Structures are given as structure tokens and as C-alpha cells.
Amino acid sequence: MTIRLGVLISGSGSNLQAIIDARDIGALDAEIALVISNRDDAFGLTRARQHDIPALFVDRDGFASFREYNFAIRDALREHNVEWVVMAGYMRLLGREVLDAFPSHVLNLHPALLPSFPGASGIVDALDYGVKVTGVTVHFADEEFDEGPILAQEAVEVAEDDTLETLTSKIHEIEHRIYPKVLQLIAEDRVQIVGRKVKIRPAS
Ligand code: GRF
């Protein structure tokens, strides 16, 4: 089954690129229907356009309220027949206007092992805390920041000589691998939410 994705970004879009690449090599059965950024200068918008993917800048400042801003995002996603909303470095809280329109169909990527180090600076926070292991989480999004049932996690050891730069690059390497994989599990209809847990069905 080909799933239609709407990808929300704020910056470089390297995870968007990983999703595009997985699609291109046939590892991900998905159509990227739309990319939305809340920043005009996000390089991810350029990546999308280079691949002929509709790309939209939605400016929070152009709307009187956070609610109206989120309605605009919701409407754009609907207009492009998006089925799954994929946050990939979208650095804002997503409003209930979008979450309610796509119930249990909104995913987020977090650069730490939730519930540790939620928030906008998961990599720095883990490094500063001195944990020996951190990692990446893919989870369903809800109205709380970085909560919601967990689809996948992968750990990485923090080496003695890791810097923010080296740890960030290890985390990105994992992200680029696991986000497309999780999306493919969804395309194969192998993901089921049971309470606050996610069950992954074995391949048939
Ligand atoms: C990723 O590390 C993601 O976990 C975090 O923001 C970063 C986005 O990177 N939420 P990119 O824009 O996909 O390159």
C-alpha cells in the first residue's frame, strides 16, 4: 500500500532527504504529497522542490492566532490528500487542529531516548547530563511535547570524547535509518496502537 505523507520541517531537512532517498530506491512505499515549513529559509524546502515535491512555507506571523495557523496547515495537508503527517525537525508544537484532523496519524522524531530529555535540545541535554547512552525515538504525536506511544527507539553510546558535533552526527545517522524504516512498517500496515504501547506485527 502506498501511503501519502505530509512532512513538516523547520530546517535542513536531512530527515526529509532520507525519506526521499528511501522512496527513490524502493525501500519506502510512499508518496511525499507535501512538505510544509514554518521557516521560509529552511533548506528542506529547497530539497523538496529539487525533487518536484510541493513545498509550502506557512508563516505563523501571517495568522492572528496559533489556532488559525494550524487550520492553515491542516487545510494544506487535506488539499494534498495527506494520510500521514510526519514531523521531521519541525520545531514547533503542533496544534490540536492538525492532530484532531489526523487522529493517530501524526509522527514525531526525537533525538533522545524518550521519556528522557524531551524538548527542543535533546542532544545537548543528554550530553550535559553525562548519560553514557542516548539515542533516537520515533513516536506518535499528541498534544504534549514529545509524548505519545513509541514506535521505535535505537540507542547509541556516548563516547568519552564525544562533542556536540560528533554526537549529533551519530544521532542523525540513526534517524536517517530508522524514520524511513518505521514509515515502511506503516505502509505495510504492521503498526497497531494498543493503549499507550505500539505493537509491530511480524512481516507476513
Ligand atoms: C533532528 O535531529 C530531529 O530529531 C530534531 O531536529 C533535527 C532535524 O534535522 N527534532 P533535519 O532538519 O531533518 O536535518
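Values reported hereafter were calculated over all heavy atoms of this structure, with side chains retained and with hydrogens, waters and symmetry mates removed. All of these numbers come straight from a predicted model, not from anything done at the bench. Both counts, for ligands and for their atoms, begin at 1 and track the order of listing.
- The single protein non-hydrogen atom nearest to atom 9 (O) of ligand 1 is N15 ND2, 3.7 Å, given as residue, atom name and distance.
- Counting heavy atoms of neighbouring residues, nucleotides and ligands inside a 6.0 Å radius, atom CD of E157 does not exceed 12 of them.
- Taking any N or O of I171, backbone or side chain, none lies under 3.5 Å from an N or O belonging to ligand 1.
- In R67, the CZ atom is not crowded: 12 or fewer heavy atoms of neighbouring residues, nucleotides or ligands sit closer than 6.0 Å.
- Note on residues 116-136: pairs passing ring-ring contact (aromatic ring centres under 6.0 Å, His included), not counting sequence neighbours, are F117-Y129.
- Considering backbone and side-chain atoms alike, H172 places an N or O below 3.5 Å from some N or O of ligand 1.
- More than 12 heavy atoms of other residues, nucleotides or ligands shown are found within 6.0 angstrom of CZ on R4.
- For I9, the heavy-atom gap to ligand 1 stays at 4.0 angstrom or more.
- Legend: residues meeting side chain to side chain contact (heavy atoms under 4.5 Å, CB included) with E144, ordered by chain and number and at least two apart, are D142, E147.
- Protein heavy atom closest to atom 12 (O) of ligand 1, with residue, atom name and distance, is G13 N, 2.8 Å.
- Those atoms of ligand 1 with a heavy atom of G89 less than 4.0 angstrom away are 6 (O), 8 (C), 10 (N).
- For R96, the CZ atom counts as loosely surrounded, since its 6.0 Å shell holds 12 or fewer non-hydrogen atoms of other residues, nucleotides or ligands.
- Here the protein heavy atom with the shortest distance to atom 14 (O) of ligand 1 is S14 OG, 2.5 Å.
- Residue, atom and distance of the protein heavy atom nearest to atom 1 (C) of ligand 1 are E175 OE1, 3.2 Å.
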